[in-house]
Amino acid sequence: GPGGVPDCTTSDASGASLSICSPGLAHKVITVGSSNTAKGGTPDSVSSFSSRGPTGDGRIKPDILAPGSIIVSANSRWETADDFMAAAGTSMSAPHVAGIAALMLQARNMTPAEAKALLMNTAVDLGSAGKDSSYGAGRVNGTRLFAEINNTASGSVGSGQVVHNIFVPGGELRTMLYWPENYSIHNDLDFYILSPAGNIFATSSVVNSTDEGGNISLPFSGNWKLAV
């Protein structure tokens with residue numbers, strides 16, 4: 001994507017912040033950046049041409065990365081050239097996520113919000129811990145995604161609090177709260193993880209974004225609570 005060019009019509013290799021433009025700025029879309037393969041650089045590093053966030057209103061973008069440099073794919077000019085070609089770009093990384101999303105919906109009916117949350121929550125966390133404006137939630141991880149595909153819950157919240165009870169056998173807990181919204185009104189939700197005794201164990205309270213969560217280590221098993 002464009003690397004900091006104001007009119008978003010050309011690209012460079014600066015990897016500048018605030019360089020994501022429309023339609024990647026949209027609230028509900030899954031904005032995909034590019035990670036390197038061994039052929040493109042250090043594996044799982046963010047590609048130099050991949051646009052960075054945040055958005056102008058402070059939301060963290062991209063949402064996720066997928067391999068985009070270097071990728072071997074079918075050549076549209078196969079009739080007069082080779083059948084396959086090697087290329088780099090977010091046009092190579094986005095189809096990875098589109099294909100995984102199609103397989104997700106084939107495996108299970110889910111809302112667009114559930115699909116987006118699951119993609120982010122099962123990604124390989126890269127860069128700074130948690131979601132950041134270079135790596136997003138990390139590099140897409142299809143193996144973990146399909147292992148966790150039934151571990152989503154959806155609902156609605158008003159002016160009060162909504163609590164989901166889950167049994168956790170201990171160890172790592174990965175959580176992701178995502179809520180779709182329109183441009184006119186931003187709902188600032190906060191996310192709490194409560195111990196079986198009802199005590200606050202961890203919180204996430206990002207102000208501008210529409211997703212909250214992270215990875216934490218739980219000291220013991222039990223019926224933990226996720227509160228919004």
Side-chain angles (χ1 to χ4, degrees), residues 30-33 35-36 42-46 52-54 58-67 96-97 100-101 104 107-108 110-111 113-155 157 160-180 187-228:
I30 299 171
T31 307
V32 181
S35 63
N36 289 317
T42 303
D44 278 345
S45 60
V46 63
R52 272 71 159 174
R59 288 174 291 118
I60 298 176
K61 289 280 188 174
D63 295 309
I64 199 166
L65 299 185
H96 282 85
V97 177
I100 290 175
M104 289 167 58
R108 181 198 152 195
M110 63 179 69
T111 66
E114 286 179 299
K116 184 175 181 178
L118 189 60
L119 280 162
M120 292 190 292
N121 195 45
T122 55
V124 178
D125 194 8
L126 302 170
S128 303
K131 191 177 181 184
D132 63 69
S133 292
S134 294
Y135 294 85
R139 193 252 301 148
V140 65
N141 183 347
T143 300
R144 180 155 194 164
L145 185 150
F146 285 100
E148 303 288 342
I149 196 167
N150 293 314
N151 296 337
T152 66
S154 60
V157 60
Q161 186 181 76
V162 174
V163 178
H164 294 280
N165 296 291
I166 59 170
F167 176 79
V168 182
E172 182 189 41
L173 175 64
R174 298 168 64 103
T175 59
M176 176 63 65
L177 168 68
Y178 168 72
W179 62 101
N187 298 289
D188 182 14
L189 304 185
D190 295 326
F191 189 45
Y192 300 87
I193 298 175
L194 308 179
S195 70
N199 300 316
I200 296 176
F201 185 80
T203 63
S204 178
S205 54
V206 179
V207 175
N208 295 314
S209 289
T210 56
D211 49 75
E212 307 260 4
N215 308 339
I216 62 172
S217 296
L218 300 182
F220 49 84
S221 63
N223 293 308
W224 291 73
K225 297 176 176 63
L226 308 178
V228 181

- [ ] Any chance you could lay out the side chain to side chain donor-acceptor pair (under 3.5 Å) test for S35 and D44, step after step, and finish with the verdict?
- [x] CA-CA 5 Å; S35 63; D44 278 345; 4.5 Å; no
Open item on the list: Tell me whether R59 is salt-bridged to D211, with the criterion being a basic N under 4.0 Å from an acidic carboxylate O.
Closed with: no
- [ ] Report yes if some heavy atom in the side chain of P67 is under 4.5 Å from a heavy atom in the side chain of H96; otherwise report no.
- [x] yes
Open item on the list: To check you understand the geometry: which heavy-atom pair defines the closest contact between P62 and S133, and what is its length?
Closed with: CD-O, 3.6 Å
- [ ] Using a 4.5 Å cut-off on heavy atoms from C-beta on, say whether the side chain of I200 contacts that of L194.
- [x] yes
Open item on the list: Show the nearest heavy-atom pair for residues I60 and K131, with the distance to one decimal.
Closed with: O-NZ, 3.5 Å
Open item on the list: For T31, is there any backbone N or O sitting under 3.5 Å from a side-chain donor or acceptor partner on D63?
Closed with: yes
- [ ] Please say which of M176, M104, E114 ends up in a side-chain contact (heavy atoms from CB on, under 4.5 Å) with L119.
- [x] M104
Open item on the list: Distance check, rounded to the nearest 0.5 Å: I216 atom CD1 versus I193 atom CD1?
Closed with: 3.5 Å
Open item on the list: Using every non-hydrogen atom in the two residues, find where S221 and F167 come nearest and quote the distance to one decimal.
Closed with: CB-CZ, 4.4 Å
- [ ] I would like to know whether N165 and N223 meet side-chain contact (heavy atoms from CB on, under 4.5 Å); could you show each step before the answer?
- [x] CA-CA 6 Å; N165 296 291; N223 293 308; 5.8 Å; no
- [ ] Could you tell me whether the side chains of T122 and N141 share a donor-acceptor contact shorter than 3.5 Å?
- [x] no
Open item on the list: Measuring from atom CG of N215 to atom CD of E172, what distance do you get when rounded to the nearest 0.5 angstrom?
Closed with: 5.0 Å
Open item on the list: So I100 and V140, do their side chains get closer than 4.5 Å, heavy atoms only?
Closed with: yes
Task: S205 side chain reached by Y192 side chain, heavy atoms, under 4.5 Å - done: no
Open item on the list: Measuring only between side-chain heavy atoms, which start at C-beta, is V124 closer than 4.5 Å to R144?
Closed with: no
TODO: Measure the spacing between OH of Y178 and CZ of F191 and express it to the nearest 0.5 Å.
DONE: 15.5 Å
TODO: Using atom types as modelled and distance alone, determine if a side-chain donor or acceptor of R174 lies under 3.5 Å from a backbone N or O of N121.
DONE: yes
Open item on the list: For the backbone of L177 and the side chain of E212, can you confirm whether one donor and one acceptor N or O come within less than 3.5 Å of each other?
Closed with: no
Task: Among N150, T143, I149, side-chain contact (heavy atoms from CB on, under 4.5 Å) partner for F146 - done: I149
Open item on the list: What's the separation between atom CG in L189 and atom OG in S209, rounded to the nearest 0.5 Å?
Closed with: 11.5 Å
Open item on the list: Minimum heavy-atom separation for S204 and G213, please, with both atom names.
Closed with: OG-N, 3.4 Å
- [ ] Measure the NE2-OG distance between H164 and S154 for me, rounded to the nearest 0.5 Å.
- [x] 8.0 Å
- [ ] State, yes or no, whether a side-chain contact exists between S128 and Y135 at a heavy-atom distance under 4.5 Å.
- [x] no
- [ ] Could you tell me whether the side chain of S195 and the main chain of N199 form a donor-acceptor pair under 3.5 Å?
- [x] yes
- [ ] State the CG-CG distance between D188 and N208, to the nearest 0.5 angstrom.
- [x] 8.0 Å
Task: Contact summary for I64 and A123, nearest pair of heavy atoms - done: CD1-CB, 4.2 Å
Open item on the list: Contact between L226 and I166 at the side-chain level, heavy atoms closer than 4.5 Å - yes or no?
Closed with: yes
Task: Side chain proximity check, V228 to Q161, heavy atoms < 4.5 angstrom - done: no
Task: Polar side-chain atom of W224 near backbone of L173 as donor-acceptor pair, under 3.5 Å - done: no
